[in-house]
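Only one structure is covered here, and it is reproduced in the block below.
The residues of the chain are indexed from 1 along the displayed sequence. Keep in mind that the numbers below use all heavy atoms, side chains included, and drop hydrogens, waters and symmetry copies. Given the structure is predicted, the values throughout are model-derived calculations rather than measurements.
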Amino acid sequence: MKKNFNILGIIICLYIFLAFLPLPIGIGVGLDQSWQYAISRAPLDKFVFGKDIIFTYGPLGYLIGGSVLDQNFYPILLFRLIAESITFCITITTIIIQKTKFHKFLLSTSIFFVYLLGLSIDYKIIFALIMILSWENIINQKNIRLWALGLGSISGLCLLAKFNTGVCTLGIIIIVIFAKIFQDFQYKSNLSTSLFALSDAVIAALTSSFLLLNPHLVENFKQVSLCIFLASVFGILFWLIKTQLLNNANRIDGKICTIMSFKNGFYIVYAFAILMINFYFSPLLTNYLKGSLEISSGYSSAMSIVGSSWELGFAIVGLVIVLLMLIQLMREEFLGLGLALAFTLWMSFKHGYVRQDGQHVHFFIQSLLIISSIAIIKLRNRFKLLKKITLIYLFFIISISCLAPTYFGQTSVNMAFSIGQIFSPINVINKVSALLNPEKLRLNINNNSNLELSKVRLPEKVLQVLNNHAIDIIPWEISMVESNKLNWQPRPIFQSYAAYTKFLDSTNLSSISSKSPDYIIYNFTAIDNRHPFFDEPSTFSYIACNYKLSSELNEFINTPALINLIVLQKRERNICSSSIKNKELLLKWNQSTNLTDTSSLTRASIKFEYSLLGKIYKTLFRAPPVNINIDFKDASHSSFRIIPDNSENGIIISHLPLNGNQGFSFFQGHWNQRVQSFNFSTSNPILYKSNIQVILDSYHILD
């Protein structure tokens, strides 16, 4: 009977696994679909992430978030199967080992709803790590260094897949080890083992990420092999010295002999060598981490969306309740686990509520459900009231997510339909068929990709002009590269909206000015009510002065998915002379200033500074949008979102087209739509300093 029950359980688990298994997807058209294609294309073109490409995903990002191309179908499929299988097995194991039926029910119910909300593979990896840490005595003094090496290596690979995932996994490992160090110091235990474990995790993460960062793998393997060789030489040297010391043991302190071992010599030299390579001789990893950190930090202000205040309040209530539980957890025997859960909860809260829309809020809900369940399971029974409050809150989350008509972007009809679709036998049969016949799956994906790519196919006369010339695309539709077999020469931040900071914009400017593409396919559009000229200020200013409407393609180009495209051609010379005059201003919020000279091109370098409260608020949460309010010469008015962290690079302020037709005229040389005056506003000025520094630079136009 028990055997039959076990077989039935395995069948049910396998069915659930297949029902939720996400199969690879092909190339699509749109903002998100374009970057998914780009991160798949970049490794094939041997672009170096951190140098040629800067994004939140790295050279392994295509495995978790990329589009299927002919060359990467099997790596993506294999990775998905392995990663999904491991994380699913860890999840099932965590449910099985719970001691009470209530705990099993609580954890399985939470995980079920998390999966229904569309849990991505990066969050599955993070939650799997958390579940492992929740197992009883899984990391102890005897095996902590082995765990540190293994998990550190995995976190290094996560860094190359998605920066935030790598930061979260490595952060969790470091937090747990730091907690162990604190406890060892407090109880006077074997402190050196925990300190070495911390070093092991960092060195393992550096090594694994460095090895696979460069597309030219041989070079990295040579450098790591050199580190190993030097470390081995010094290890042997240490061993010889130790042998000599042992012969004179009566005159030498025994501690010195212990230090002078092969293992210690190898470890010290290898750690020093790998650090020197990463930070001095070959700083590819440093550049990658810096670029990814710039995008992650700039995201908080550039991409923030302020949603419903009561929705945010509901989330903060949950945050406080769970943090109270975690504090109690830390006060007991689970300091490392409690801190790791709190860190993950904050990361998911920031991810979910910086851009407060239905899709991103799901990330926080998923984390809250898993973390709350683990905290309830680990917390002792004497905190019954706190547990009951948390359970009531979780019940409301699940109810609202499933039943509320619009809350969290999910309707009751859609949820019911989603459950029926996911668990339908046809869905599972189709996935089994796809896995048994991967070539058919690849063919279907390619057919779907070709159907999507036909929507951005350029006319033949355009392709004849662009034939084999270096091409860049602005602002974001990179899928045109694949559809039209273009010679893509991208800026490092290849989608304009993502140049969130001065560093990112300057990096793009340096790239496009040093190796200018022959043509740029341009579309006058932007997201979040930004003006298209503001996304990458200095880079676009360079384009405005060095590119013009193509003489051979001097009309709008339309495709089924995109309209009003124009092709820009490199000029023979820069038409913007050096600055002929500048004017420095110190403005307050909502204080208008006039542009006295609108005949020449004027750029405004605008420096917003955060107050101390603003810096803390932005770090922990988000920065509210900042708007520039424009009065035009023709008495019309407009308001646009401006990015505080890159506007200091100098936005074009004197002439601002308002639509595709006016943008077309701008690149024809008809610089109309002149600005009369402007001012700045924000919903929460207390987060910024009251003074806004503005430098107006005017340029004479030669042509």
Side-chain angles (χ1 to χ4, degrees), residues 91 94-95 98 100 102-117 119 123-124 126-135 164 168-169 171-172 175-176 179 307-354 356 360-402 407-408 619-622:
T91 301
T94 307
I95 294 171
Q98 300 309 314
T100 68
F102 171 71
H103 288 167
K104 293 178 191 288
F105 172 78
L106 174 64
L107 192 58
S108 57
T109 303
S110 298
I111 292 169
F112 176 77
F113 281 101
V114 163
Y115 270 74
L116 280 181
L117 289 172
L119 188 62
Y123 269 88
K124 287 177 183 176
I126 293 170
F127 292 153
L129 174 59
I130 286 174
M131 288 179 190
I132 289 174
L133 294 175
S134 72
W135 297 355
N164 289 346
C168 194
T169 52
I172 288 171
I175 285 171
V176 170
S308 166
S309 56
W310 73 267
E311 179 185 273
L312 177 61
F314 187 79
I316 291 175
V317 169
L319 200 65
V320 171
I321 292 173
V322 177
L323 284 176
L324 287 174
M325 291 189 66
L326 296 181
I327 289 171
Q328 298 302 327
L329 203 63
M330 294 176 215
R331 293 174 64 181
E332 296 185 0
E333 303 172 4
F334 306 105
L335 176 62
L337 177 62
L339 289 172
L341 292 174
F343 174 70
T344 307
L345 189 63
W346 167 69
M347 290 278 288
S348 63
F349 174 74
K350 189 172 173 67
H351 189 191
Y353 281 90
V354 165
Q356 190 182 342
H360 288 83
V361 168
H362 283 170
F363 297 132
F364 175 68
I365 299 172
Q366 292 164 356
S367 293
L368 198 66
L369 285 168
I370 298 292
I371 291 170
S372 300
S373 301
I374 292 175
I376 289 173
I377 290 168
K378 302 300 288 187
L379 204 60
R380 291 180 180 175
N381 289 330
R382 60 193 178 96
F383 298 101
K384 288 182 179 179
L385 178 61
L386 189 55
K387 287 185 176 184
K388 288 178 180 178
I389 293 172
T390 307
L391 286 171
I392 292 171
Y393 182 83
L394 294 182
F395 173 78
F396 273 109
I397 279 186
I398 293 173
S399 299
I400 292 172
S401 299
C402 298
Y407 193 72
F408 296 149
T619 301
L620 296 178
F621 187 27
R622 68 186 176 205

message: Is any side-chain heavy atom of Arg622 closer than 4.5 Å to one of Gln356?
response: yes
task: Could you tell me the separation between the CE atom of Met131 and the CD1 atom of Ile95, rounded to the nearest 0.5 Å?
output: 7.0 Å
Please tabulate, one pair per line, all N/O donor-acceptor pairs under 3.5 Å involving side-chain atoms of residues 102-109, not counting sequence neighbours.
unit_1: His103; atom_1: ND1; unit_2: Thr100; atom_2: OG1; d: 3.2
unit_1: Lys104; atom_1: NZ; unit_2: Ile96; atom_2: O; d: 2.5
unit_1: Lys104; atom_1: NZ; unit_2: Gln98; atom_2: O; d: 3.0
unit_1: Ser108; atom_1: OG; unit_2: Lys104; atom_2: O; d: 2.7
unit_1: Ser108; atom_1: OG; unit_2: Phe105; atom_2: O; d: 3.1
unit_1: Thr109; atom_1: OG1; unit_2: Phe105; atom_2: O; d: 2.6

query: Could you give all pairs that pass the side-chain hydrogen bond (donor to acceptor under 3.5 Å, both in side chains) test and reach residues 333-344, with sequence neighbours left out?
result: Glu333-Arg380
field: Any side-chain donor near an acceptor of the partner, His351 and Tyr123, under 3.5 Å
entry: yes
query: How long is the span from the CZ atom in Phe127 to the OG1 atom in Thr94, to the nearest 0.5 Å?
result: 12.5 Å
task: Using the test salt bridge (Lys or Arg N to Asp or Glu O under 4.0 Å), find all partners of Lys350 that sit at least two apart in sequence or belong to another chain.
output: none
statement: Taking every heavy atom of Val176 against every heavy atom of Ala340, the minimum-distance pair comes out as CG2-CB, 4.1 Å
field: Stepwise side chain to side chain contact (heavy atoms under 4.5 Å, CB included) test for Val354 and His360
entry: CA-CA 8 Å; Val354 165; His360 288 83; over 6 Å; no
- request: Could I get the full list of ring-ring contact (aromatic ring centres under 6.0 Å, His included) partners for Phe334, not counting sequence neighbours?
  value: none
field: Reported CD1-to-CZ distance for the pair Ile126 and Phe363, which is rounded to 0.5 angstrom
entry: 10.5 Å
Value rounded to 0.5 Å, distance of CZ in Phe395 from OG1 in Thr390: 15.0 Å
task: Let me see the working for Phe113 and Leu116 under side chain to side chain contact (heavy atoms under 4.5 Å, CB included), right down to the final yes or no.
output: CA-CA 5 Å; Phe113 281 101; Leu116 280 181; 4.1 Å; yes
- request: Please answer whether the main-chain N or O of Leu379 pairs with a side-chain N or O of Gln328 as donor and acceptor at a distance below 3.5 Å.
  value: no
message: Let's go through Lys124 and Tyr115 carefully: what are the C-alpha distance in whole Å and the side-chain angles of both, what is the deciding distance for side chain to side chain contact (heavy atoms under 4.5 Å, CB included) to 0.1 Å, and is it a yes or a no?
response: CA-CA 9 Å; Lys124 287 177 183 176; Tyr115 270 74; 3.6 Å; yes
field: Residues which pass side-chain hydrogen bond (donor to acceptor under 3.5 Å, both in side chains) with Ser348, listed by chain and number, not counting sequence neighbours
entry: Ser367
- prompt: Could you give the distance from CG (Leu326) to CG (Leu335), rounded to the nearest 0.5 Å?
  reply: 11.5 Å
Donor-acceptor pairs under 3.5 angstrom involving side-chain atoms of residues 368-377: please list them, not counting sequence neighbours.
unit_1: Ser372; atom_1: OG; unit_2: Leu368; atom_2: O; d: 2.5
unit_1: Ser373; atom_1: OG; unit_2: Ser110; atom_2: OG; d: 2.6
unit_1: Ser373; atom_1: OG; unit_2: Leu369; atom_2: O; d: 2.7

- line: Here the gap from His362 atom NE2 to Leu117 atom CG, rounded to the nearest 0.5 Å, amounts to 5.0 Å
statement: Of all heavy-atom pairs linking Leu386 and Ile321, the shortest is CD1-O, 4.3 Å
statement: Between Ala342 and Met330 the two heavy atoms that sit nearest each other are CB-CE, 4.2 Å
- prompt: With Phe621, which of Phe364, Phe349, Tyr353 fulfils ring-ring contact (aromatic ring centres under 6.0 Å, His included)?
  reply: Phe349
